[in-house]
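Lettering of chains follows the sequences in order, A, B, ..., and the numbering in each one begins at 1. All figures in this text were calculated on a predicted structure; none of them were measured in a lab. The figures that follow rest on heavy atoms only: side chains count, while hydrogens, waters and symmetry mates do not.
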Amino acid sequence: MISQDAPDAKIPVPRGPVPMPPPPRPRRTVELTIDGQSVAVPEGATLLDAARQLGIETPTLCFLENLTPVNVCRICVVEVEGSRTLVPACSRKAEPGMKVSTDSERVRLSRKLVLELLGSSVDLSTAPQIQDYMERYDAKPERFGPPAPPARAGERDAARPGHHHPPGVPHDGCAATVGQPVKVDNELYVRDYSKCIVCYKCVEACGTDAQNTFAIALAGRGFDARISTEYDVPLPDSACVYCGNCIGVCPTGALMFKSEFDMRQAGTWDESQQTATDTICPYCGVGCTLTVHVQEEKIVKVTSPLDNDVTRGHLCIKGRFGWEWVNRRE
Amino acid sequence: MDLHFNQHAPDAEEIAAVDGCLASVPLDGDRRQHLLPVLHAIQGRKGWVSPGALNHACLRLDVPPAEAFGVADFYALFQTRPHPPLTVHVCDDIACRTRGAEALCAEVEAALGPQGESRDGVATWHRSPCLGLCERAPAALVIAAGHPPRERDLAPATGAHVLSVLAGAPVPHPPLSVSVPQAGQPGLKLLARVGRIDPASLDDYRAAGGFLALRRAFEMGPGAVIKEVVESRLVGRGGAAFPTGVKWQGARSATLPRYLICNADESEPGTFKDRVLMENDPFSLIEAMTIAGFATGCEKGYLYLRGEYPLALSRLENAIARCRERGFLGDDVLGDGVRFDIELRRGAGAYICGEETALMNSIEGRRGEPRNKPPFPTEFGLFGQPTVINNVETLVNVIPIMIEGGKAFAALGTERSTGPKLFCVSGHVQRPGVYEAPFGITLGELLDLAGGIGGNGRLQAVLLGGAAGAFVTHDQLGAPLTFEGTRAIGATLGSAVVMPFDDTVDLRQILRRIAQFFRDESCGQCVPCRVGTVRQEELLHRLATDRPLGSVGEEVALLKELGQAMRDASICGLGQTASSAIESALARFPIFQGTQETR
Ligand SMILES: Cc1cc2nc3c(=O)[nH]c(=O)nc-3n(C[C@H](O)[C@H](O)[C@H](O)COP(=O)(O)O)c2cc1C
Ligand code: SF4
Ligand code: SF4
Ligand code: SF4
Ligand code: FES
Ligand code: FES
């Protein structure tokens with residue numbers, strides 16, 4: 001800890017990726033057409049809400065009900081008549097009279113390409129949902145060439161913004177990937193950024209949307225954009241308090257309980273042998289709901305339901321990792 | 001906020017740099033907005049942003065270190081690893097490639113060693129995207145950290161120049177006529193004062209008619225000023241071609257406070273018109289911003305200047321200081337009770353910060369990531385407030401509009417592209433430079449004005465509009481340079497880049513450099529652009545080295561699918577236009593065997 005003159009009176013500083021405008025006040029109804037069907041939604045609803053109301057399934061990756069939309073993955077794009085480009089359904093508000101297509105050729109092409117771009121650059125082996133999407137949109141990542149070998153430890157973290165090796169150096173004819181060694185620097189969870197699709201969810205969960213710790217943020221730029229602590233310091237040296245909320249929201253398994261990671265390495269992870277039981281966290285009076293996942297009579301991970309009023313999916317270190325002590329005492 | 005800091009402590013110089021930068025700014029309100037100036041102060045003093053320095057900045061500004069690191073690590077001019085104090089940025093972008101960029105890189109490499117490395121621990125060099133000095137290519141920028149830091153742009157640059165500047169020896173600036181061949185000619189509206197007045201002298205500016213337009217505006221009142229701008233049918237010169245009057249009208253009814261931003265980030269490869277204006281007629285931009293602020297009801301204007309423009313920086317700083325001293329800026333402009341002041345903000349090496357919402361995030365001390373629109377800036381802009389943002393050249397046009405009236409202004413040019421226009425002519429042309437001509441001049445006429453095709457004199461292609469523009473052929477020289485005329489030939493005026501290439505140029509290499517530019521400059525936020533620009537460069541590399549995966553036809557088809565998805569699904573204009581120049585070249589030139597279509 002450095003000791004400098006403390007800044008004068010603390011003033012609240014606006015935080016979060018982008019401040020959002022205030023929500024509209026009166027709740028009127030908006031009528032629009034999606035895939036030829038009319039639908040009425042409350043003012044302020046998104047195109048995703050409207051599509052869901054009609055039972056139209058829209059893929060999402062960076063969207064989560066309990067986080068501020070960042071609309072970066074672009075898998076949810078839909079076509080709105082009169083709009084030059086496609087628009088993200090997860091954050092575009094429904095407007096009266098909009099004519100929306102969710103399955104046009106343009107929409108299918110963009111969704112397919114987004115999946116191919118992810119599939120050709122990221123290890124999606126522990127992201128079953130994205131694999132399902134890839135099947136649905138007939139995505140063929142191999143069209144972009146064989147994957148380049150992974151980077152050395154720290155190599156991606158050292159990239160300078162605006163500079164890269166031209167293709168062919170050092171791996172000719174290969175598709176660049178974010179492949180790199182797993183970061184294992186604490187006993188509770190690991191970070192495998194070979195599996196990271198940069199959906200911003202962990203950053204939001206660590207920041208204003210839940211934890212207010214700001215241990216991790218986006219660093220770098222372009223293809224080198226990555227989730228990082230300051231100067232890539234190991235988690236124990238960072239602000240992390242091991243609430244595990246980032247693990248809870250990660251859609252790809254890039255952030256994983258150490259227990260699960262070790263069992264997967266050992267080949268003993270078996271979801272078909274696991275039970276999940278809801279219980280109330282015993283550690284304090286807040287009353288968070290925990291979903292305890294048990295395999296062979298041992299707790300292997302703890303999650304929390306997203307739709308729970310108290311937690312909205314978020315916990316603290318005690319609820320998330322307290323069982324580590326239970327297991328260890330045995 | 002409870003911040004957690006690691007054990008690294010700042011040294012005395014780092015503390016002095018941070019505290020010195022913050023000494024003159026009010027620290028009430030949002031402190032994070034001072035992050036970029038503070039990072040500049042640290043970088044300028046030490047040559048890199050160390051963990052200890054960052055901790056101190058975060059403590060003073062109440063910003064979490066992980067976030068501040070993410071901001072520093074976003075910008076090419078900030079180093080987040082130990083770095084030598086002397087840095088040479090050598091442009092290897094497309095205009096400089098036509099005039100010896102590779103030879104210059106080789107000379108610098110011979111003197112300093114491989115790029116990014118340092119023999120003596122004192123100096124190193126990096127290849128750079130376009131430095132906005134294309135009319136005097138090849139270009140380099142030398143930055144020497146210290147107290148105070150020294151910065152010097154060199155163009156045309158030689159290895160010997162670079163070494164002299166590194167050694168602290170003076171190298172004279174070339175005469176202005178090299179950049180502005182028309183300087184001093186009668187009849188110019190935007191370049192009227194360029195070369196005729198001392199850019200440091202407020203008295204010179206006033207003697208040449210300066211601040212008459214502002215007086216006229218004050219007499220007319222805000223509503224009438226906007227009415228004239230609407231009647232002038234002025235549209236934005238920053239690339240998006242949006243009607244300025246409509247933008248201003250929209251702001252008039254918005255909530256307070258409102259902000260004005262002048263977008264002086266000029267980083268589109270081949271673009272240098274705004275730099276030339278700011279270097280040689282800086283007071284006119286101050287006057288124009290004041291008129292815009294008065295008309296739209298903004299009391300504060302931000303001037304966001306590209307980080308690589310040291311001469312424009314010092315001239316604008318001087319102009320702002322002189323104007324404050326003499327009451328042309330401040331709480332009582334011209335003694336008329338109007339309040340308006342300008343804060344100069346420096347970018348730090350990121351093309352994407354020219355995108356209006358990325359620029360706002362950058363001023364706020366965040367990463368320069370564009371925001372999703374809607375909401376648009378006129379409703380939800382800087383600090384979440386209604387914001388009017390205009391390009392330098394757009395604003396400077398308001399001066400003749402005030403003097404001669406909107407109707408007279410609109411008489412020049414064409415029906416849909418009114419007024420005078422600055423063109424950035426570089427590449428294989430006899431006399432590169434900024435040229436002023438009325439809208440409607442044809443491409444061929446403009447090239448004639450610039451002395452005709454250079455190089456070997458045989459034209460192969462012209463890049464119009466910049467890296468985000470399009471290549472056109474010899475057959476299209478008759479096209480009028482207007483918004484509608486360029487659209488009609490499947491191109492765009494963009495930032496008014498006009499860059500001819502002779503027939504010795506290997507267009508495949510130019511296309512690869514363009515693809516590399518977009519890959520390097522993507523902010524990395526959205527998948528289509530973050531990964532798509534990488535795949536686009538890889539595809540071009542495979543095609544250019546005759547090693548397609550499958551057939552050439554399949555590769556070209558894949559390139560087009562990729563282009564379509566980037567255009568349709570990217571968040572901002574960078575991803576949306578990253579394939580346009582490449583696709584236009586593929587369609588019009590027999591670059592890769594068998595790929596040409598009838599266009
Ligand atoms: C990637 C990107 C870079 C841009 N760079 C600039 C720039 O350097 N200068 C500029 O004036 N506008 C730039 N623009 C356009 C701005 O977003 C915005 O449209 C413009 O500043 C509005 O001013 P105008 O209406 O006066 O043209 C850029 C846009 C994009 C998408
Ligand atoms: S465990 Fe909690 S504090 Fe640590 S990085 Fe994840 S969200 Fe942030
Ligand atoms: S680590 Fe997981 S949650 Fe975080 S950005 Fe990557 S994929 Fe998203
Ligand atoms: S299109 Fe590119 S530059 Fe624009 S937001 Fe997406 S990643 Fe960033
Ligand atoms: S889910 Fe809409 S952009 Fe990611
Ligand atoms: S300065 Fe080199 S291309 Fe513009």
Side-chain angles (χ1 to χ4, degrees), chain A residues 1-2 4 6-8 10-11 13-14 17-19 21 71-75 77 85-86 88 91 106 109-110 113-114 117-118 120-121 143-145 158 160-164 166-168 173 175-176 197-198 214-225 228-231 233 237-239, chain B residues 4-6 9 27-32 51 54-56 59-60 62 64-67 69-70 73-76 80-81 126 129 349 361 367 371-372 375 380 384 516 519-528 530-532 534-535 537-538 541-542 547 549 558 561-562 564-565 567-569 576:
Chain A
M1 184 61 214
I2 48 175
Q4 296 302 329
D8 4 296
K10 296 263 181 186
I11 293 112
V13 180
V18 173
N71 47 69
V72 295
C73 77
R74 316 306 276 186
I75 190 77
V77 286
T85 60
L86 303 178
S91 49
R106 269 174 87 190
L109 178 80
S110 277
L113 262 292
V114 163
L117 294 173
L118 288 176
S120 61
S121 58
R143 295 202 291 165
F144 290 101
R160 290 186 64 241
H163 287 77
H164 73 279
I197 58 167
V198 198
F214 304 96
I216 47 174
L218 261 289
R221 186 166 92 193
F223 193 66
D224 299 324
S228 181
T229 57
E230 62 276 18
Y231 298 92
V233 297
D237 295 342
S238 79
Chain B
H4 171 277
F5 295 97
N6 57 33
L27 283 182
D28 51 344
D30 171 25
R31 292 190 190 174
R32 184 176 182 145
L54 192 83
N55 277 341
H56 185 61
L59 190 67
R60 293 293 316 269
D62 203 27
E67 289 204 351
F69 175 76
D73 205 45
F74 185 85
Y75 297 93
T80 56
R81 314 251 148 191
H126 301 288
N361 278 342
R367 293 161 57 80
R371 305 171 183 174
N372 207 49
F380 186 84
Q516 184 194 331
R519 174 188 174 153
D520 287 346
E521 299 300 327
S522 162
C523 82
Q525 198 181 187
C526 66
V527 176
R530 178 179 72 237
V531 191
V534 173
R535 296 291 176 255
E537 191 195 9
E538 290 167 351
H541 170 71
R542 294 201 295 268
R547 278 171 304 167
L549 287 172
L558 185 57
E561 274 187 43
L562 182 62
Q564 178 76 31
R567 204 159 36 248
D568 273 349
Q576 287 162 12

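- Heavy atoms of A215(A) lying under 4.5 Å from chain B belong exclusively to its backbone.
- When heavy atoms are compared at a cutoff of 4.5 Å, V233(A) approaches chain B solely by way of its side chain, counted from C-beta outward.
- For V198(A), the parts lying near chain B are the backbone and the side chain together; criterion is any non-hydrogen pair under 4.5 Å.
- Comparing A565(B), P65(B), A66(B), A76(B) by heavy-atom pairs within less than 4.5 Å of chain A, the highest count is held by A66(B).
- Counting heavy-atom pairs under 4.5 Å between each of F144(A), Y231(A), F223(A) and chain B puts Y231(A) at the top.
- To the nearest 0.5 angstrom, L117(A) atom CG is 9.5 Å from R143(A) atom CZ.
- Side-chain contact between F74(B) and C523(B) is present, with heavy atoms from C-beta onward closer than 4.5 Å.
- Rounding to the nearest 0.5 Å places CG of D62(B) at 10.5 Å from CZ of R32(B).
- Taking CG of N55(B) as the start and CZ of R60(B) as the end, the distance is 14.5 Å to the nearest 0.5 Å.
- Put simply, of G145(A), S238(A), P88(A), the one with the most heavy-atom pairs under 4.5 Å next to chain B is S238(A).
- Chain A forms more heavy-atom pairs under 4.5 Å with one residue of L54(B), L562(B), L558(B) than with any other, namely L558(B).
- By the salt bridge (charged side-chain N to carboxylate O under 4.0 Å, His left out) test, R567(B) is found to be paired with E583(B), residues two or more places apart in sequence or in another chain being considered.
- The greatest number of non-hydrogen atom pairs below 4.5 Å with chain A, out of Q516(B), E521(B), E561(B), is found for E561(B).
- The choice from V114(A), D224(A), L86(A) that makes the most heavy-atom pairs within less than 4.5 Å of chain B is L86(A).
- For I197(A), the part sitting under 4.5 Å from any heavy atom of chain B is the backbone (N, CA, C, O) and nothing else.
- In this structure, the portions of N71(A) lying under 4.5 Å from any heavy atom of chain B include both its backbone and its side chain.
- Counting heavy-atom pairs closer than 4.5 Å to chain A, the top residue among Q525(B), E538(B), R535(B), R542(B) is R535(B).
- Ranked by non-hydrogen atom pairs under 4.5 Å with chain B, the options S91(A), S120(A), A225(A), S228(A) are led by S120(A).
- No other option in L218(A), T229(A), I75(A) has as many heavy-atom pairs under 4.5 Å with chain B as L218(A).
- At least one side-chain heavy atom of H541(B) sits under 4.5 Å from a side-chain heavy atom of R547(B).
- The structure places CZ of R519(B) at 4.0 Å from NE2 of H164(A), a figure rounded to the nearest 0.5 Å.
- Between T80(B) and E230(A) the shortest side-chain heavy-atom distance does not fall below 4.5 Å.
- The pair D568(B)-R106(A) counts as a salt bridge, with a side-chain nitrogen and a carboxylate oxygen less than 4.0 angstrom apart.
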